[in-house]
Amino acid sequence: MSDPSGSIISFEEPSRPVADQFLLNIDGWEGPLDVLLMLARNQKVDLSAISILQLAEQYLEFIAAARRIRLELAADYLVMAAWLAYLKSRLLLPAEETGEEPSGEELAAHLAFRLRRLEAMRGRASVLMSRHRVGRDVFLRGLPEGIRVIRKSAYVADLYGLLRAYAAQKARSEGNDDYQIRRRPVFTMEDAMRRLERLVGFVPDWTSLQQFLPPSMTDKALSKSALASTFAAALEYTRQGKLELRQTESFGPLLIRSRVRAAGQDE
Amino acid sequence: MTEHLEHLRMVEALLFAAAEPLDEESIVQRLPGHPEVGPLLAELQDMYSRRGVNLVRRAGKWMFQTAPDLAFLLQQEVQEERRLSRAAQETLAIIAYHQPATRAEIEDIRGVTVSKGTVDLLMEIGWVRVMGRRQTPGKPVTYGVSEQFLIEFGLESVKDLPGIDELKAAGLLDAEPPDSYRLLPVDEADEDTEEDVLLPFDDPVETGRG
Amino acid sequence: MTEHLEHLRMVEALLFAAAEPLDEESIVQRLPGHPEVGPLLAELQDMYSRRGVNLVRRAGKWMFQTAPDLAFLLQQEVQEERRLSRAAQETLAIIAYHQPATRAEIEDIRGVTVSKGTVDLLMEIGWVRVMGRRQTPGKPVTYGVSEQFLIEFGLESVKDLPGIDELKAAGLLDAEPPDSYRLLPVDEADEDTEEDVLLPFDDPVETGRG
């Protein structure tokens with residue numbers, strides 16, 4: 001036990017030759033499903049008649065053997081081993097009446113499905129690769145003359161389009177004066193800083209930031225602007241250590257209180 | 001009759017000259033009078049079927065190519081083809097049979113992470129292309145095979161992939177086992193354990209041992 | 001006899017796939033048993049002489065070639081209808097309204113540099129012609145519209161072009177801002193961009209019309 005460095009042969013039991021013969025070539029595996037497929041193939045030619053329980057045992061044995069000879073196994077091989085151990089227990093234990101989790105049979109059926117699907121794809125891959133392939137088995141004309149397309153552009157335009165273009169051009173060059181940039185009512189950051197500054201020292205308890213908005217903001221846009229700038233101002237005072245700011249849940253109210261008061265000390 | 005022969009000559013000339021497969025519409029457009037080309041193509045295909053050069057339909061388009069049985073004659077010119085890794089071969093097959101397929105779906109089937117390089121390589125060869133995005137969270141890119149793939153692998157369309165109907169019927173192109181999926185065919189299971197038909201350890205597999 | 005036909009097929013395939021014309025010796029070398037190819041080539045040449053593709057001998061080498069009388073098929077003229085760019089349309093309109101107009105005058109009206117290509121294109125199409133030279137320093141060329149323009153646009157003369165007032169009456173020149181401004185009325189913008197209220201400088205422009 002202390003020295004497991006013995007050769008692979010040391011754990012090769014005549015009755016279980018399956019796992020070992022693959023171990024020699026662990027680098028050649030394309031993941032745990034690949035190993036399972038090979039084990040299953042060894043079990044039966046017809047994948048629809050394999051024993052998943054037996055397969056699970058063989059795989060666990062395979063992993064155990066690999067660890068015994070200290071082969072580095074990628075994590076997904078170990079994840080599969082853990083899953084198969086779980087599957088094995090589900091298959092051996094009487095089915096529970098939980099109803100929530102899939103039964104052992106369902107898990108086994110799903111694994112069998114995946115194995116068959118992988119095998120099918122693998123089979124198709126080799127069928128595809130053995131097809132007569134252009135450039136390898138069949139050949140296209142070596143000296144195609146090519147078919148030339150000579151493109152000629154015919155421009156289409158009509159009077160309507162022309163007039164529209166002229167009108168659009170006119171509107172652009174002469175109509176500019178008609179447009180003015182509207183000044184939008186804004187409660188500026190400076191306003192908010194000033195307003196909040198007067199109040200920051202007098203907030204002993206958590207109070208909604210909403211309370212500090214300037215009153216009588218009937219204009220929707222202006223009140224949004226005020227909220228934004230007041231929030232920014234609150235962030236600034238928080239940064240300066242004059243305020244504390246918190247929000248207890250996403251989209252919940254923003255709460256502030258005076259830091260000086262809360263700490264009960266002054267500088 | 002003469003006109004018919006002339007049309008045959010013209011289709012022949014166009015397909016010989018073209019550097020790539022032509023669809024029927026392009027052929028029609030080029031022929032004077034725009035005759036129906038379906039019968040002309042069928043006739044030519046038959047005429048050339050026993051020649052050293054065959055007329056074939058690939059990806060819905062028509063082209064001439066050398067007869068497959070003469071491969072031995074022509075192969076000496078071809079330089080050693082780059083062999084695809086098994087991973088790349090499988091990925092290609094999965095994309096072809098399951099398209100549009102996301103990387104996650106490919107990985108689910110192979111049971112192993114698909115390295116970015118594998119799909120990239122297939123795209124670089126020109127056999128795989130991005131088809132679109134799956135409308136699921138994360139909007140993953142979906143892959144499919146290209147027209148070039150169909151041409152090079154001698155397929156009229158993905159519907160002609162070898163065995164695709166059988167795979168579909170067996171539910172093996174689905175993401176999940178079909179409802180009717182049974183691990184064991186009923187007749188192979190023990191008859192006295194109706195309840196346990198699904199149980200894999202009822203499998204009389206041991207009897208197969210020598 | 002069968003062997004003879006096989007040889008014909010092979011020669012056919014070789015010549016079809018070859019990337020360059022082949023001399024008889026290279027064909028012989030490639031055929032199993034190295035038969036005499038002269039008669040084979042002569043037979044093929046005869047077979048193909050009435051086809052859309054001919055077997056021809058050039059500089060002592062053999063190749064397939066599209067029948068010369070069908071060469072016209074291999075060139076196809078495609079007429080593509082293209083719309084004039086907005087710049088070209090405007091330039092054309094300005095020339096029509098203000099002719100004779102120099103490039104500098106067009107630029108002055110458009111408020112943008114007029115690329116030489118735009119005027120050249122209009123002249124190439126045949127809608128714009130050089131009218132003369134302005135007797136000012138530099139003697140710039142003046143442009144006007146052609147007779148072809150008048151015909152194609154259904155005008156007796158440029159005097160028939162509607163005036164500004166008529167354009168307005170026709171609804172073509174109204175106070176609506178041009179699309180390119182992408183203006184939104186302020187109230188609409190507020191509804192669309194609830195989240196953007198924080199950015200006062202993102203303010204849409206108001207239309208100042210009465």
Side-chain angles (χ1 to χ4, degrees), chain A residues 134-189 219-232, chain C residues 13 16-21 63-66 73-84 86 88-90 92-94 96-97 109-111 121 125 127 152-155 161-162 164 167 170 172-181 183 186 190 197-198 200 203-209:
Chain A
V134 168
R136 189 186 69 178
D137 309 300
V138 296
F139 298 84
L140 306 185
R141 186 155 180 216
L143 277 173
E145 287 108 322
I147 295 175
R148 284 170 298 282
V149 172
I150 301 161
R151 295 192 187 280
K152 277 196 167 178
S153 297
Y155 283 90
V156 289
D158 55 16
L159 189 58
Y160 177 73
L162 193 71
L163 297 179
R164 271 198 72 89
Y166 189 67
Q169 186 290 122
K170 270 271 177 238
R172 210 172 60 232
S173 61
E174 294 172 8
N176 276 356
D177 298 344
D178 293 345
Y179 306 123
Q180 292 176 350
I181 294 176
R182 193 189 64 159
R183 227 186 138 75
R184 179 179 231 173
V186 166
F187 191 69
T188 65
M189 180 77 184
D219 186 299
K220 193 174 149 206
L222 183 59
S223 86
K224 280 187 184 175
S225 163
L227 177 61
S229 52
T230 304
F231 173 52
Chain C
F16 173 85
E20 54 190 12
M63 62 190 272
F64 277 116
Q65 178 180 285
T66 312
L73 283 178
L74 307 184
Q75 293 197 356
Q76 191 184 38
E77 288 197 355
V78 179
Q79 281 271 343
E80 278 182 341
E81 291 209 336
R82 293 184 59 182
R83 292 206 70 79
L84 277 188
R86 206 184 68 180
Q89 278 198 21
E90 284 184 20
L92 179 61
I94 290 168
Y97 271 90
I109 294 167
R110 283 200 70 216
L121 173 68
I125 298 171
W127 289 336
E152 288 189 26
F153 284 79
L155 296 165
L161 285 168
I164 300 299
L167 287 177
L172 282 165
L173 181 57
D174 56 22
E176 282 295 336
D179 293 347
S180 58
Y181 273 63
L183 301 185
V186 168
D190 276 350
V197 173
L198 298 185
D203 203 356
V205 180
E206 185 185 44
T207 58
R209 78 188 120 107

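Below, chains carry the letters A, B, ... as their sequence lines are ordered, and counting in each starts from 1.
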Query - Part of Ile125(C) within contact of chain A (heavy atom distance under 4.5 Å) - result: side chain
**Report entry** Under the ring pair (Phe, Tyr, Trp, His ring centres under 6.0 Å) test, residues paired with Phe187(A) that sit two or more places apart
**Finding:** none
Requested in this report: Look only at the side chain of Glu145(A) and the backbone of Thr66(C), and say whether a donor-acceptor pair between them is shorter than 3.5 Å.
Outcome: yes
Requested in this report: Would you please name every residue forming a side-chain hydrogen bond (donor to acceptor under 3.5 Å, both in side chains) with Thr230(A), sequence neighbours left out?
Outcome: none
**Report entry** From CG (Leu143(A)) to CZ (Phe16(C)), nearest 0.5 Å
**Finding:** 10.5 Å
Query - Atom pair CE/CZ of Met63(C) and Arg141(A) - distance to nearest 0.5 Å - result: 7.0 Å
Query raised in the report: Which distance, rounded to the nearest 0.5 Å, do you find between the CG of Leu92(C) and the CG of Leu162(A)?
Result: 5.0 Å
Query raised in the report: Phe231(A) versus chain C, heavy atoms under 4.5 Å apart: side chain, backbone, both or neither?
Result: neither
Query raised in the report: So which heavy atom on Tyr97(C) is nearest to which on Leu163(A), and how close?
Result: OH-CD2, 3.2 Å
Query - Proximity breakdown for Glu152(C) and chain A, heavy-atom pairs closer than 4.5 Å - result: neither
